Amino acid sequence: MQVPVEIKLKTVQTQAGEIEKFELLEQGELTCKGETIYLRYTEAKAGAQTILKIKSAELLLTRRQGQLALQLNLVEGQQTNAKYKTAYGIISLVAKCTTYKYEPLTETSGELKVEYLLYSGEELLGEYKLELQFKA
């Protein structure tokens, strides 16, 4: 089942003590496969293509923009490896998910709140908070 949806995403990122807030509202597509929700959308401003694979306790985020690509897997309470592909090569990252709350509201709507820390080696790159809402 593929359904057009409205996607609202709020992001707060803290890097080196600096806080940045982003908000986007996009049209996308929702696909349900069993207990898994797939959201696909393209950011109008940046042209980045994003796929979110949402499960009850796990998020897989894939984002592509030109030669840049990020693949991030988030599971509450776990550290997971992430890859950030640039024109200069692949950067290995580690994500530590501290909060994961997914609430399906209907078959075609839901809310997701995720907080995670992103590291390169031992260095903390930033703290991220995502709030996602989607509805048909």
Side-chain angles (χ1 to χ4, degrees):
M1 168 177 81
Q2 293 182 337
V3 178
V5 290
E6 179 181 273
I7 297 170
K8 184 176 183 179
L9 178 64
K10 293 181 183 180
T11 305
V12 177
Q13 67 182 37
T14 305
Q15 295 176 319
E18 297 289 320
I19 298 172
E20 287 188 81
K21 296 180 182 182
F22 304 95
E23 191 169 326
L24 72 88
L25 184 61
E26 296 290 350
Q27 298 300 311
E29 180 180 274
L30 176 142
T31 304
C32 295
K33 292 186 181 177
E35 298 293 314
T36 304
I37 300 285
Y38 293 86
L39 292 176
R40 293 176 176 82
Y41 65 93
T42 300
E43 292 179 31
K45 266 188 176 178
Q49 297 175 340
T50 302
I51 299 172
L52 301 170
K53 180 180 176 182
I54 303 169
K55 295 184 177 184
S56 61
E58 178 181 9
L59 170 67
L60 177 63
L61 181 150
T62 304
R63 186 174 190 267
R64 292 183 179 87
Q65 181 180 2
Q67 293 184 342
L68 303 176
L70 173 67
Q71 188 168 37
L72 189 61
N73 190 33
L74 299 168
V75 181
E76 186 171 23
Q78 293 187 19
Q79 250 181 232
T80 55
N81 294 323
K83 293 181 183 175
Y84 186 54
K85 182 180 174 188
T86 71
Y88 305 103
I90 296 174
I91 300 170
S92 293
L93 303 170
V94 173
K96 183 176 181 184
C97 183
T98 57
T99 302
Y100 187 97
K101 293 180 184 172
Y102 172 56
E103 186 175 343
L105 302 174
T106 68
E107 279 189 1
T108 57
S109 67
E111 295 179 351
L112 175 68
K113 292 183 182 182
V114 180
E115 296 182 12
Y116 64 96
L117 305 171
L118 195 60
Y119 294 88
S120 176
E122 297 295 315
E123 180 184 355
L124 176 64
L125 299 178
E127 179 180 339
Y128 298 83
K129 296 178 182 181
L130 307 178
E131 288 186 23
L132 172 75
Q133 297 174 331
F134 61 92
K135 64 181 176 182

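Sequence positions, counted from 1, serve as the residue numbers for this chain. Remember, predicted model here, so these are calculated numbers, not experimental data.
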Residue pairs passing the salt bridge (Lys or Arg N to Asp or Glu O under 4.0 Å) test where at least one lies in residues 24-46, sequence neighbours excluded: E43-R63
CG on L74 to OH on Y100, rounded to 0.5 Å: 8.0 Å
Closest approach of A136 to V3 (non-hydrogen atoms, all atoms of both residues): CB-CG1, 3.7 Å
Same apolar cluster: L125 and L61, side chain cutoff 4.5 Å: yes
CG on L118 to NZ on K96, rounded to 0.5 Å: 13.0 Å
Considering all heavy atoms, the nearest Y116-A95 contact: CD1-CB, 4.5 Å
Nearest non-hydrogen partners of K55 and Y102, listed with the distance: O-CD2, 3.9 Å
ILVMFWY clustering at 4.5 Å (side-chain atoms), partners of I90: none
Atom pair CG/CG of L60 and L72 - distance to nearest 0.5 Å: 8.0 Å
Smallest separation among heavy atoms of I91 and T86, with atom names: CD1-CG2, 4.1 Å
Least distance between heavy atoms, Q27 atom then Y41 atom: O-CB, 3.8 Å
Hydrophobic cluster identity match, L68 and L93, side-chain contacts under 4.5 Å: yes
Nearest-0.5 Å distance that lies between atom SG in C97 and atom OH in Y128: 14.0 Å
Nearest-0.5 Å distance, CZ of residue F134 to CD of residue E111: 9.0 Å
All pairs passing salt bridge (Lys or Arg N to Asp or Glu O under 4.0 Å) where residues 117-136 contributes a residue, at least two apart: none
Heavy-atom pair with the smallest gap, counting every atom of V5 and L30: CG1-CB, 3.7 Å
